[in-house]
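Structure record follows, encoded as structure tokens.
When reading the values below, keep in mind they use all heavy atoms of this one structure, side chains included, and skip hydrogens, waters and symmetry mates. Naming convention: chains lettered A, B, ... in sequence-line order (proteins, then strands); numbering from 1 in each chain.
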Amino acid sequence: MEEAWVSLLSKCSSLKPTKQIHAQICKTGLHTDPLVFGKLLLHCAITISDALHYALRLFHHFPNPDTFMHNTLIRSLSLSQTPLSSLHPFIQLRRQPTLSPDSFTFAFALKAVANSRHLRPGIQLHSQAFRHGFDAHIFVGTTLISMYAECGDSGSARRVFDEMSEPNVVTWNAVLTAAFRCGDVEGAQDVFGCMPVRNLTSWNGMLAGYAKAGELGLARRVFYEMPLRDEVSWSTMIVGELLREEIRTNEVSLTGVLSACAQAGAFEFGKILHGFVEKAGFLYVGSVNNALIDTYSKCGNVAMARLVFQNMPVARSIVSWTSIIAGLAMHGCGEEAIQLFHEMEESGVRPDGITFISLLYACSHSGLVEEGCGLFSKMKNLYGIEPAIEHYGCMVDLYGRAARLQKAYEFICEMPVSPNAIIWRTLLGACSIHGNIEMAELVKARLAEMDPDNSGDHVLLSNVYAVAGKWKDVSSIRRTMTEHSMKKTPGWSMIEIDKVIYGFVAGEKPNEVTEEAHEKLREIMLRLRTEAGYAPQLRSVLHDIEEEEKEDSVSKHSEKLAAAFGIAKLPKGRILRIVKNLRVCGDCHTVMKLISKVYQVEIIVRDRSRFHSFKDGFCSCRDYW
DNA sequence: CCACCAAATG
């Protein structure tokens with residue numbers, strides 16, 4: 001309830017709608033809730049520049065404000081354009097006979113002084129904190145140090161630090177930046193050398209300090225030596241123009257990094273890069289926009305891809321149109337992809353062969369057989385584009401997925417170019433989806449002539465047998481595979497949590513992360529069984545093994561582990577984004593649907609060929625994949 | 001009765 005109001009507030013940036021929201025909050029009676037009221041104060045003081053008086057009036061009418069409420073007002077004002085105005089509620093609070101200031105009060109008030117850079121009120125606050133015995137408090141002490149540094153009094157900052165009994169990392173970091181702020185680069189180096197513990201903020205502090213002092217060479221060195229880099233590190237480098245030379249000389253490297261993100265599915269990192277692109281003015285380079293569209297689609301966020309496409313400040317090229325069509329296709333938005341294609345035709349951009357590959361792909365992944373056929377002939381007849389082998393492959397996929405296996409087979413036989421292994425493999429995949437043994441055997445024979453050592457083909461065929469319960473044939477395939485020392489590609493999945501990527505491989509040696517994932521997974525499966533009536537679907541298992549063992553084998557699939565780990569680690573409400581190297585198996589697909597319903601989370605899985613976005617028990621692929 | 005608010009890097 002409170003969160004709803006807060007998010008509503010964050011969307012309005014002027015006083016009038018804020019007043020309306022306030023009136024509504026009053027109706028619900030939540031206006032006396034300290035949390036809601038605090039957010040309202042903060043919003044008026046920071047987000048809206050001319051609403052300070054309104055914040056003060058709100059506070060004035062608040063019944064019996066306690067120390068917490070006073071602190072909130074002091075904090076709000078300290079962050080406003082006129083930080084020193086927070087001294088009024090500070091004095092008011094001290095005059096109240098029933099209330100007394102606490103450590104928060106002093107921390108906020110000192111922060112206000114630091115933001116205003118006026119030394120004299122700072123000194124007064126310091127002596128008052130001393131009288132109340134709060135100057136020894138670690139937060140207050142640390143704020144004192146940075147306050148003195150902001151006001152240019154490095155000697156006092158140093159003295160406060162020397163008198164502290166147990167400085168922690170944050171205190172050390174405050175001293176570090178204090179040295180830089182007073183222009184003492186050598187002092188900062190000393191502090192950095194003496195620090196008993198360092199965290200990312202310490203490194204970022206060094207980086208920013210050097211950059212501000214104009215020591216660009218040293219800053220670059222810090223950047224390369226850092227054990228870990230986050231958003232702040234990167235943006236320090238960009239804002240300080242430390243990487244700009246490299247990027248400006250060839251924006252190729254920027255698109256290169258973006259495409260690496262796309263391949264790895266590193267969404268959070270891609271977002272950071274997007275921020276840089278905007279800040280550094282690279283949005284005016286068409287190819288960078290296209291790379292962003294591609295990155296967002298491949299990282300599972302087609303909505304962001306759409307947004308980049310819609311807001312492009314430069315002309316959309318054929319690559320831009322094709323990228324967004326391919327992105328929509330990957331996410332199962334076939335109709336939208338076709339609609340965009342029509343818009344593209346109207347805008348006068350002429351499609352090329354790659355555009356049609358994306359379109360046909362969109363059709364085959366959304367079951368739009370008629371539309372796909374129409375586009376295929378339009379490509380040949382209207383645009384005069386001679387279909388390449390990839391186009392034929394898409395058509396085989398289109399018919400095959402739609403269970404029209406005979407039609408697909410005939411199509412291959414009538415093709416004017418001779419089919420390659422990929423074409424036959426596409427059909428074999430379709431046979432495995434629809435469980436057609438005869439066709440699968442026929443196709444596998446062709447493949448055996450062309451590409452006998454491909455383990456994936458054996459696995460596909462054996463899956464067809466396994467589904468039909470023909471375990472003899474399954475084990476014979478397995479024997480051939482071991483005899484030819486063919487290895488099944490191990491399945492892996494990864495999930496990004498707080499910009500760190502965790503990988504899971506089926507059957508790997510247990511470690512801390514996998515232990516945790518397994519434990520969470522056991523708990524999840526139990527809940528799915530009791531609350532959603534889940535029963536494991538064992539058809540996806542390759543081998544003819546005991547039922548119980550099979551269940552065990554299915555339960556170890558890497559995407560399940562990644563999902564379990566995500567549920568355990570990510571805060572509620574966050575989307576789980578998983579990347580997998582192979583296709584999702586049927587059982588995992590079901591489990592993801594159930595998890596999304598029971599745990600009320602959105603899960604986006606990128607598999608080998610497309611995206612599955614699970615929400616409320618349904619998948620965006622509508623079980624067509 | 002408790003907890004919601006707090007210090008350092010861009």
Side-chain angles (χ1 to χ4, degrees), chain A residues 1-3 6 30 32-43 45-46 59 65-79 86 89-90 93 101-115 125-126 129 134-150 157 160-161 164 166-181 188 191-192 195 197-213 219 222-223 226 228-243 272 275-276 279-280:
Chain A
M1 193 62 203
E2 291 133 36
E3 281 155 31
V6 172
L30 269 172
T32 49
D33 182 303
L35 256 163
V36 174
F37 187 71
K39 296 282 191 226
L40 197 65
L41 281 186
L42 271 170
H43 180 74
I46 309 163
F59 184 77
D66 57 0
T67 303
F68 170 78
M69 227 47 255
H70 277 89
N71 290 348
T72 310
L73 182 64
I74 295 171
R75 173 168 173 245
S76 303
L77 297 177
S78 80
L79 295 166
S86 43
F90 177 78
L93 173 63
D102 59 11
S103 59
F104 288 85
T105 317
F106 283 101
F108 291 138
L110 283 166
K111 177 80 188 168
V113 173
N115 287 346
L125 275 176
H126 187 175
F134 283 121
D135 62 325
H137 191 283
I138 184 108
F139 285 165
V140 177
T142 308
T143 323
L144 271 170
I145 293 171
S146 69
M147 182 275 288
Y148 277 124
E150 283 292 339
V160 174
F161 178 69
M164 282 178 79
E166 280 175 39
N168 61 16
V169 213
V170 183
T171 317
W172 278 98
N173 288 338
V175 176
L176 180 72
T177 43
F180 271 126
R181 195 142 292 150
V191 172
F192 191 71
M195 286 177 77
V197 214
R198 282 174 205 148
N199 59 15
L200 196 49
T201 305
S202 329
W203 285 95
N204 282 335
M206 275 316 264
L207 182 65
Y210 278 143
K212 264 201 199 123
V222 169
F223 184 74
M226 287 174 81
L228 210 76
R229 288 172 205 130
D230 68 353
E231 202 178 326
V232 177
S233 338
W234 281 98
S235 70
T236 307
M237 293 297 279
I238 291 284
V239 171
E241 314 237 333
L242 290 164
L243 289 179
I272 294 172
F276 296 156
K279 258 189 234 161

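Within the 4.0 angstrom heavy-atom criterion, no nucleotide atom of any strand lies near Arg198(A).
Phosphate contact (OP1/OP2 of dA8(B), side-chain N/O of Lys111(A), threshold under 4.0 Å): present. The phosphate of dG10(B) has OP1 or OP2 within less than 4.0 Å of a side-chain N or O from Lys212(A).
Rounded to the nearest 0.5 Å, atoms CZ (Phe108(A)) and NZ (Lys111(A)) are 11.0 Å apart. Between the CD1 atom of Ile138(A) and the OG atom of Ser103(A) there is a distance of 12.0 Å, given to the nearest 0.5 Å.
Taking the side chain of Thr143(A) as heavy atoms from C-beta on, and the options dC5(B), dA7(B), dA8(B), the nearest nucleotide is dA7(B). The side chain of Ile138(A) lies closest to dA7(B) when the candidates are dA7(B), dC5(B), dA8(B). Ranking dT9(B), dC5(B), dA7(B) by closeness to the Val170(A) side chain, first place goes to dA7(B). Closest to the side chain of Thr201(A), from the set dC5(B), dA7(B), dT9(B), is dT9(B). Minimum atom distance to the side chain of Phe108(A) is reached by dA6(B), of the listed dT9(B), dA6(B), dA7(B).
The aromatic ring centres of Trp172(A) and Phe161(A) sit less than 6.0 Å apart. The six-membered or imidazole ring of His137(A) lies away from that of Phe106(A), with a centre-to-centre distance of 6.0 Å or more.
Spacing between atom CZ of Phe192(A) and atom C1' of dT9(B) amounts to 12 Å, rounded to whole angstrom units. Look at CG on Asn168(A): it is 13 Å from P on dA7(B), rounded to the nearest Å. Between Arg181(A) atom CZ and dT9(B) atom P the separation is 6 Å, expressed in whole Å. Taking atom CZ on Phe59(A) and atom P on dC5(B), their separation rounds to 18 Å, with Å as the unit. As rounded to whole Å, 10 Å separates atom P of dA3(B) from atom CZ of Phe104(A). If you take OH of Tyr148(A) and C1' of dA7(B), they are 16 Å apart, rounded to a whole angstrom. The separation between Leu144(A) atom CG and dA8(B) atom P is 12 Å, rounded to whole Å. For Leu200(A) and dG10(B), the CG to C1' distance is 11 Å, given to the nearest whole Å.
Panel note: side chain Arg198(A), backbone Trp203(A); no donor-acceptor pair is recorded below 3.5 Å.
The aromatic ring of Trp203(A) is not stacked on the base of dT9(B), since the criterion of ring centres less than 5.5 Å apart with planes inclined by under 30° is not met. By the 5.5 angstrom centroid cut-off and the 30-degree plane limit, Phe68(A) is classified as not stacked against the base of dC5(B).
Judged by distance alone, with hydrogens and angles left aside, Asn71(A) brings no side-chain donor or acceptor close enough to the base of dA6(B) to form a pair under 3.5 Å.
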